[in-house]
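First the structure, in the form of structure tokens, and then the observations on it.
Count residues from 1 along the sequence. Below, each value reflects all heavy atoms present in this structure, side chains not excepted, and no hydrogens, waters or symmetry copies.
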Amino acid sequence: GIATLGSPLSANALPLRTWNQTVDAFLGVPGNWTPGSVPTTSDSALVTAAASGKRVILDGDYSVGPFAISGTGAILDLAGHNFTSGSFLNSGIARVPTGVSTISGVYHSLASGQLNVENGAVLAPLASWQNDGHMFIHSTAVANVSELRLNNYVTLGGAGDLLLNDVANAQITTPSG
């Protein structure tokens, strides 16, 4: 997986695809990536601080190798689609603005990272999620999580729900244990 945001290939030998948003905001457009092909499970993918303020929008379901968002303001918008990665390291923003979305694989939100599940949206089961950043579950949103490690905040707005799947095996770990 991606070991650090500064050195995304330090833990693997997969080819690196870097987001440049040359054409538009859609992940599935080859011209938005350097070199010019959409990342697959055989690639590492990186959205860097240089892309800050740019939004990567899923225009379908995608599976990639290790994936990182590096930079406050760099955004991955799931847009009601499914996203699978070998590991997902987030120091930007991951959004579920509408519909039902899933993030499969290990998800780690760093201190500056955010995961926003917005009004009416549903984040389907996250297998493993570590939050060193901030998770916002807005008023009519639902987030389903099997394993949750909290080192920072989860904010439930209004009637927002955080559901722990497989309650017999679900765990919440806080900094104090």
Side-chain angles (χ1 to χ4, degrees), residues 1-5 8 19 21 25-27 39 44-49 51-166 170-175:
I2 295 174
T4 68
L5 292 173
W19 181 253
Q21 194 170 343
F26 295 106
L27 186 142
S44 295
L46 181 61
V47 178
T48 67
S52 186
K54 294 183 179 179
R55 178 168 289 162
V56 181
I57 301 172
L58 295 187
D59 50 345
D61 296 342
Y62 287 94
S63 293
V64 301
F67 184 86
I69 298 175
S70 174
T72 306
I75 300 168
L76 175 67
D77 193 331
L78 282 91
H81 295 288
N82 302 314
F83 186 71
T84 302
S85 65
S87 62
F88 183 167
L89 195 57
N90 180 16
S91 68
I93 299 171
R95 287 182 68 231
V96 182
T98 185
V100 177
S101 294
T102 62
I103 298 174
S104 299
V106 176
Y107 174 85
H108 184 181
S109 182
L110 300 175
S112 60
Q114 293 181 18
L115 177 59
N116 296 332
V117 185
E118 299 182 3
N119 290 339
V122 175
L123 178 60
L126 273 172
S128 178
W129 182 60
Q130 181 171 334
N131 180 42
D132 295 320
H134 201 134
M135 181 178 192
F136 298 93
I137 304 171
H138 297 271
S139 64
T140 58
V142 176
N144 296 314
V145 180
S146 294
E147 179 182 349
L148 177 60
R149 295 179 185 170
L150 296 175
N151 294 319
N152 211 327
Y153 300 97
V154 172
T155 300
L156 300 175
D161 291 318
L162 173 62
L163 304 176
L164 291 176
N165 297 325
D166 190 11
Q171 62 177 326
I172 296 179
T173 306
T174 62

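In this structure, Phe88 and Ile103 have side chains that are in contact, with non-hydrogen atoms separated by less than 4.5 Å. Side-chain contact between Leu76 and Phe67 is present, with at least one heavy-atom pair separated by less than 4.5 Å. Side chains of Pro97 and Asp77 form a contact here, defined as non-hydrogen atoms less than 4.5 Å apart. Between Phe26 and Leu58 the shortest side-chain heavy-atom distance does not fall below 4.5 Å. Counting only heavy atoms from C-beta outward, the side chains of Leu115 and Ser109 never approach each other to under 4.5 Å. No side-chain heavy atom of Val122 sits less than 4.5 Å from a side-chain heavy atom of Val96.
Side chain of Ser104 to main chain of Thr84: no donor-acceptor pair is present (N/O by atom type, distance under 3.5 Å, no hydrogens or angles). One N or O on the side chain of Asp61 and one on the backbone of Asn82 form a donor-acceptor pair closer than 3.5 Å. The main-chain N or O of Ser91 is found under 3.5 Å from a side-chain atom of Ser112 such that the two form a donor-acceptor pair.
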| request: Could you go through the side chain to side chain contact (heavy atoms under 4.5 Å, CB included) check for Leu110 and Asn90 one step at a time? | output: CA-CA 6 Å; Leu110 300 175; Asn90 180 16; over 6 Å; no
| request: For the pair Arg55 and Arg95, evaluate side chain to side chain contact (heavy atoms under 4.5 Å, CB included) and give the outcome as yes or no after the intermediate values. | output: CA-CA 10 Å; Arg55 178 168 289 162; Arg95 287 182 68 231; 3.7 Å; yes
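From His108, atom NE2 reaches atom OG of Ser87 across 11.0 Å, with rounding to the nearest 0.5 Å. Between Asn116 atom CG and Ile93 atom CD1 the span is 6.0 Å, to the nearest 0.5 Å.
In terms of heavy atoms, Tyr107 sits closest to Ala94 at OH-CB, 4.2 Å.
Phe83 and Tyr62 have their aromatic ring centers separated by at least 6.0 angstrom.
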